[in-house]
There are 2 protein chains.
Amino acid sequence: MPPRIPALQLADGLLQLSCLIHHTLDRIAAEHGLSVIQVRLLRSLRDREFGMFDLAQHLALRKSTLTGWVDRAESRGLVVRMASPADRRASHIHVTAEGRRLSRAIEEAVNAEIEKLVSGVSASDRDRLASVVSQVVAAAARDPQPKT
Amino acid sequence: MPPRIPALQLADGLLQLSCLIHHTLDRIAAEHGLSVIQVRLLRSLRDREFGMFDLAQHLALRKSTLTGWVDRAESRGLVVRMASPADRRASHIHVTAEGRRLSRAIEEAVNAEIEKLVSGVSASDRDRLASVVSQVVAAAARDPQPKT
DNA sequence: TATTGTTATACTCTATAACTATA
DNA sequence: TATAGTTATAGAGTATAACAATA
């Protein structure tokens, strides 16, 4: 067996794995005629409706950036702007049935691809991997990265 | 302890981890005044020079897309176009000393951030994680995803 | 004729700043 | 005055198609 440098090897492997998964996400979104961006928009709106301002904050975007996202998604029939009854300046964004369907289909396809990626890993290693990965993700969520 | 659904949990965890790492890459590139795209360009050119056609193939991009990448990187002094002595149609792209320095600095910073992400994982789990991750990446490289 | 690379054009994504309408 | 959202503008990143220069 060749000698290893575990620390660097791990960082490099995780970076490669991350690129692989990101590329998978991009490919599957494209197969459904969407961008990763629009998938992210639909995913947020599946759980609840948002005003433009709140949604921009939720996604860490500028309001003007979001206007374009919503314009394009609305023109594809994936979301709708609805006037707020309480505040005539505000509008609320809702996902349509088609948007919801697409979002779920893409989520399932991505999950299936990731399952396929790890299909060669033994069941016990997979369990261990799952627990380590969720530990890392949870720790990162507790200690968020600076926004610069 | 709550019940778990290991398979789905793993796919979801890997997706979240992938987004986390991708965001880290984006942040560090931005701190150095670059985009993820330009980091990728410099990384490819650190190992060897390319003609525009070969580089476009290497990066899975169109030639016309690459023209823009190289224009912007060249205007920042990170790469240079050099005429090919063998073929007067062709030009070869070389990374400059500054481009090489930036590329290495970003690589080190990204590695350090990923190390920090997994710093809470025990040494034995880290070793196990490294071997599983490289197994997954190697398997994916042997069985590439469709390009659609 | 075929190939290398650029240009023209169009669209998505992102941000800043100015603006409209409402509160 | 302050807030919700859009518009104007600019620039990066992506693609297709047409093009010039060279092979």
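The chains referred to below are lettered A, B, ... by the order of the sequence lines, with proteins before strands, and numbering in each begins at 1.
Residues meeting the ring pair (Phe, Tyr, Trp, His ring centres under 6.0 Å) test with B/His92, sequence neighbours left out: none. In this view, A/Asp87 and A/Arg89 satisfy the salt bridge (Lys or Arg N to Asp or Glu O under 4.0 Å) rule, not counting sequence neighbours. The salt bridge (Lys or Arg N to Asp or Glu O under 4.0 Å) test applied to B/Arg101 returns B/Glu98, not counting sequence neighbours.
Remark: side-chain polar atoms of A/Gln16 are not paired, donor with acceptor, to backbone N or O of A/Gly13 under 3.5 angstrom.
An OP1 or OP2 oxygen of C/dG5 is reached within less than 4.0 angstrom by no side-chain nitrogen or oxygen of B/Thr67. For C/dC13, one of the phosphate oxygens OP1 or OP2 lies less than 4.0 angstrom from a side-chain nitrogen or oxygen of A/Arg72.
Near-neighbour residues of DNA chain C inside residues 36-49 of chain B, defined by a heavy atom below 4.0 Å, are absent.
Going from atom CD of B/Gln57 over to atom C1' of C/dT3 covers 12 Å, rounded to whole Å. Separating the CG atom of A/Leu34 from the P atom of C/dT12 is a distance of 12 Å, rounded to the nearest angstrom. The nearest whole Å value for the distance from the CZ atom in B/Phe50 to the P atom in C/dT4 is 15 Å. Between the CE atom of B/Met82 and the C1' atom of C/dG5 there is a distance of 18 Å, given to the nearest Å. With rounding to whole Å, B/Asp71 atom CG is found 11 Å from C/dT7 atom C1'. Rounded to a whole Å, the NE2 atom of A/His58 is 19 Å from the C1' atom of D/dG5. Rounded to an integer number of Å, the gap from A/Leu59 CG to C/dA15 C1' is 16 Å. Residue A/Phe53 contributes atom CZ, which lies 17 Å from atom P of C/dA23 at whole-angstrom precision.
A donor atom on one side chain and an acceptor atom on the other are found under 3.5 Å apart for B/Arg46 and B/Ser103.
For the pair A/Leu59/A/Ser44, a side-chain contact is recorded, criterion being any heavy-atom separation below 4.5 Å from C-beta on.
Among residues at least two apart or in separate chains, side-chain hydrogen bond (donor to acceptor under 3.5 Å, both in side chains) pairs with a member in residues 58-71 of chain A are A/Asp71-A/Arg81.
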B/Glu107 vs B/Arg104, salt bridge (Lys or Arg N to Asp or Glu O under 4.0 Å): CA-CA, chis, key distance, verdict: CA-CA 5 Å; B/Glu107 188 169 271; B/Arg104 288 196 170 126; over 6 Å; no

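Residue contacts for A/Ser35: at a heavy-atom cut-off of 4.0 Å it reaches the sugar-phosphate backbone alone, with no base atom in range. Residue-level contact check: B/Ser91 touches the backbone only, with heavy atoms under 4.0 Å from sugar-phosphate atoms and none from bases.
Between B/Arg81 and A/Trp69, the residue anchored nearer the 5' end of DNA chain C, judged by the nucleotide with its closest heavy atom, is B/Arg81.
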Protein proximity profile, nucleotides 15-23 of chain D - base contact B, sugar-phosphate-only contact S, no contact -, cut-off 4.0 Å on heavy atoms: BBB---BBS

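Atoms CG and CG, from A/Leu129 and B/Leu129 in turn, are 6.0 Å apart once rounded to the nearest 0.5 Å.
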